[in-house]
Amino acid sequence: QVQLAESGGGSVQAGGSLRLSCAASGYTYSSRCMGWFRQAPGKEREGVAAIYSGGGTTYYSDSVKGRFTISQDNAKNMVYLQMNSLKPEDTAMYYCAGSGVSWCYRFPGDSEFLYWGQGTQVTVSS
């Protein structure tokens, strides 16, 4: 049973930084895609960043490219999202997601992701 748990959310002023962490347990294979999604009130869920755990290839949405960095520590089964130059429009609930055997080929779509964390709130004030 795969379980994901996020941490690291909080409140920050515009221009600040936050680092989100996702602890993954239960995976028995490395050929998977790990992603970060976000959802703001009244908006659809949006794919933010993803990483292929088997090789480290990363993917970003245009809205965060150059500001956010996704990384992983496979030895610790951790995925991170470093968020810099935060903007008020980054305010949302952020979710960690994990796929089955896959390689992020549908990102920023979410159809290949089977497992989801409970989410962590990020609030950016102007």
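These numbers come from a predicted model, not from an experiment.
- The aromatic rings of Y59 and F107 sit tilted, their planes meeting at an angle between 30° and 60°.
- Smallest separation of non-hydrogen atoms from C33 and E112: CB-OE1, 4.4 Å.
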Would you list the atom pairs, donor with acceptor, under 3.5 Å between side chains in residues 4-12 and any protein atom, with sequence neighbours excluded?
residue	atom	partner	partner atom	Å
E6	OE1	Q118	N	3.1
E6	OE1	G119	N	2.9
E6	OE2	C96	N	2.8
E6	OE2	G119	N	3.1

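- Expressed to the nearest 0.5 Å, how far CZ of R38 lies from CD of E89 amounts to 8.0 Å.
- Under the 4.5 Å side-chain contact rule for hydrophobic residues, Y115 and I70 share a cluster.
- Taking hydrophobic clusters as Ile, Leu, Val, Met, Phe, Trp and Tyr residues chained together by side-chain heavy-atom distances below 4.5 Å, V79 shares a cluster with M83.
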Please table the atom pairs, donor to acceptor, closer than 3.5 Å between any side-chain atom in residues 15-26 and protein atoms at least two apart or in another chain.
residue	atom	partner	partner atom	Å
S17	OG	N84	OD1	2.9

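- Using a distance-only test at 3.5 Å, with no hydrogens or angles considered, a donor-acceptor pair links the side chain of R67 to the main chain of S63.
- When the side chains of ILVMFWY residues are joined at heavy-atom separations under 4.5 Å, either directly or via intervening members, F37 and Y94 end up in two distinct hydrophobic clusters.
- Closest of all the heavy-atom pairs between L81 and A49 is CD1-CB, 4.0 Å.
- Tracing side-chain contacts under 4.5 Å through hydrophobic residues (I, L, V, M, F, W, Y), one never reaches W36 starting from F113; they form parts of separate clusters.
- T123 places no side-chain N or O within donor-acceptor distance of the main-chain N or O of T91, the cut-off being under 3.5 Å.
- Contact annotation: the side chain of W116 never approaches that of V2 to less than 4.5 Å [non-hydrogen atoms, C-beta and beyond].
- A distance of 14.0 Å separates OG1 of T58 from OH of Y52, quoted to the nearest 0.5 Å.
- Taking the charged nitrogens against the carboxylate oxygens, D90 and K87 have no contact shorter than 4.0 Å, which rules out a salt bridge.
- The two residues M34 and G98 make their nearest non-hydrogen contact at SD-CA, 3.7 Å.
- Y27 and Y29 have their aromatic ring centers within a separation under 6.0 angstrom.
- Residue P88 comes nearest to S126 through the heavy atom pair CG-CB, 3.9 Å, listed as atom of the first residue, atom of the second, then distance.
- Placement of I51 and V64 within a single hydrophobic cluster is found when ILVMFWY residues are connected by side-chain heavy-atom separations under 4.5 Å, directly or transitively.
- Side-chain polar atoms of S71 and Q82 form no donor-acceptor pair below 3.5 angstrom.
- Under a 4.5 Å side-chain heavy-atom criterion applied to ILVMFWY residues, the cluster that includes M78 comprises Y80 as well.
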